[in-house]
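Presented below is the structure to which this report refers.
For reference, positions follow the sequence shown, starting with 1. Given the structure is predicted, the values throughout are model-derived calculations rather than measurements. Both ligands and their constituent atoms are indexed starting at 1 by order of listing.
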Amino acid sequence: MVTATVRTGTALGAVLLSLLGAPANAVPREATPAAVTAGALPQPDLTGLLTVLRTAQRQGAPGAMARIDDQGTVRLAAVGLADRATGRALADTDRFRVGSITKTFSAVVLLQLADAGRLNLDAPVNRYLPDLLPDDRITVRHVLSHRSGLYDYTNDMFAESVPGFEAVRTKVFTYRQLVARSLQHPRTNEPGAAYSYSNTNFVVAGLLIEKLTGHSVGTEYQNRIITPLNLRDTFYVHPGTLIPGRHAHGYLTPDEDGAPLIDATEQTVSWAQSAGAIISSTRDLNTFYSALLRGRLTSARRLTEMEQWVPVDGTQGYGLGLRRRDLSCGVSVYGHTGAVQGYYSYAFTSKDGRRSLTALATTSNNGDVLNTMLGTLESAFCGKRERTGSAGGREVSVERHEDIAPGIARY
Ligand code: HEL
């Protein structure tokens, strides 16, 4: 195993780049078949990856890191600080809040229940949760693909970023209270008619999980995903406010230019729960999405259903709790993004699940950082190349804006 650690600069500007270039046989993982999709991908661009992380840092993220798992080879990069108060450098093993990456966990639980014949994806939500929703035509599939039309209650909640956050930081909501907030607004579309991203959908997913299993979502995540995959950094602590063990602090960017960052690490995340309250690490998220795409968490039939894409924009589709992103080199990757106060994350894997990237920036409400971090996917899956211009005769460009609910990030 070759291990290279490069450190330059002072504590604040510290750069840590760890490259573990291990031959596949030095790591106790499944042997790599000769011809696999990930094997056909270009080599990751580690210099480009580090440049992306440094750019995010310059744009206001106290820390940023990325981990690539590629058929037994692990590549790690981290810049900046885990904790501005102590000056501790961000470590690639630090845990963090994953935001809406939680949605894939919730979808997996429901698809496992569908596999077991306990849930019909095309049944109305109201069949399982009588009278919850004002329209019997809204199905479980609509909810998991953001086509229910249920208004996203977080639009109002976080219209003002810091006051909105402080108002809910220690609050504990029931799922039904969150659904009630959504139903104070008209629905955004007819059931099934359009994609409209809404946290409300995955609050409904949490209610379904609890109703169908008789257990909390935390118990179901644990028994169906965390324990089977041995995800040692993954937790659902709701309504606890602390991240267990060594973790990165997350810093919310205030709406007012120049105002100091807010340490948002400690919160219940009760406003999100099954839509966004999981804690994890880059290693665990790579393991999770790799296992999912390799068919280890659901039947092949249900995975195919997760991959029925609703168009989001020119370069993205949404399946069932799963995003597809089409990169500038023509490669598509599968996973989710997360935005929770203090943390932006990207976790995606190749079609065959053999190359995975998770990247984190320890700030939020900063659209520049969010867009910059998209570059980690390009570096991980497209390798060293021009980021815009011609690729194989076709004009490509890296999109400028994320698929986000109104007002989620300032630009
Ligand atoms: S937003 C997203 C991302 N998702 C959605 C969900 C998640 N996160 C939220 O709904 C967070 C809302 C408040 C975030 C807060 C901030 O930036 O810290 N913003 C404000 O307060 C703005 N006024 C679609 C980006 C996803 O990728 O799925 O995670």
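- Residue T337 approaches ligand 1 through these ligand atoms, each under 4.0 Å from one of its heavy atoms: 26 (C), 27 (O), 28 (O).
- For ligand 1, the polar-atom distance check against E160 finds no nitrogen or oxygen pair separated by under 3.5 Å.
- When ring centroids are compared, Y195 and W309 stay outside the 6.0 Å threshold.
- Contacts between T154 and ligand 1, counted as non-hydrogen atom pairs separated by less than 4.0 Å, involve the side chain only.
- Checked against the 6.0 Å centroid criterion, the rings of Y153 and W271 do not qualify as a close aromatic pair.
- Residue-to-ligand polar distances keep D255 apart from ligand 1: every N/O pair is separated by 3.5 Å or more.
- Of the heavy atoms in Y197, only side-chain atoms (C-beta onward) come closer than 4.0 Å to ligand 1.
- When heavy-atom distances to ligand 1 are checked against a 4.0 Å cut-off, D152 has no atom that comes that close, whether in backbone or side chain.
- Close placement of the H146 and F202 rings is indicated, their centers lying within 6.0 Å of each other.
- A salt bridge does not link E266 with R169: none of the charged nitrogens is closer than 4.0 Å to a carboxylate oxygen.
- Assignment of W271 to the shell around ligand 1 is supported, since a heavy atom sits closer than 4.0 Å.
- Shown in contact with S364 at under 4.0 Å from a heavy atom are these atoms of ligand 1, numbered in order with element: 16 (C), 17 (O), 18 (O).
- At a 4.0 Å heavy-atom cut-off, ligand 1 touches L252 through the side chain alone.
- Atoms of ligand 1 lying under 4.0 Å from any heavy atom of H336, numbered from 1 in the order shown and given with element: 28 (O).
- The closest approach between G338 and ligand 1 falls below 4.0 Å for a heavy atom of the residue.
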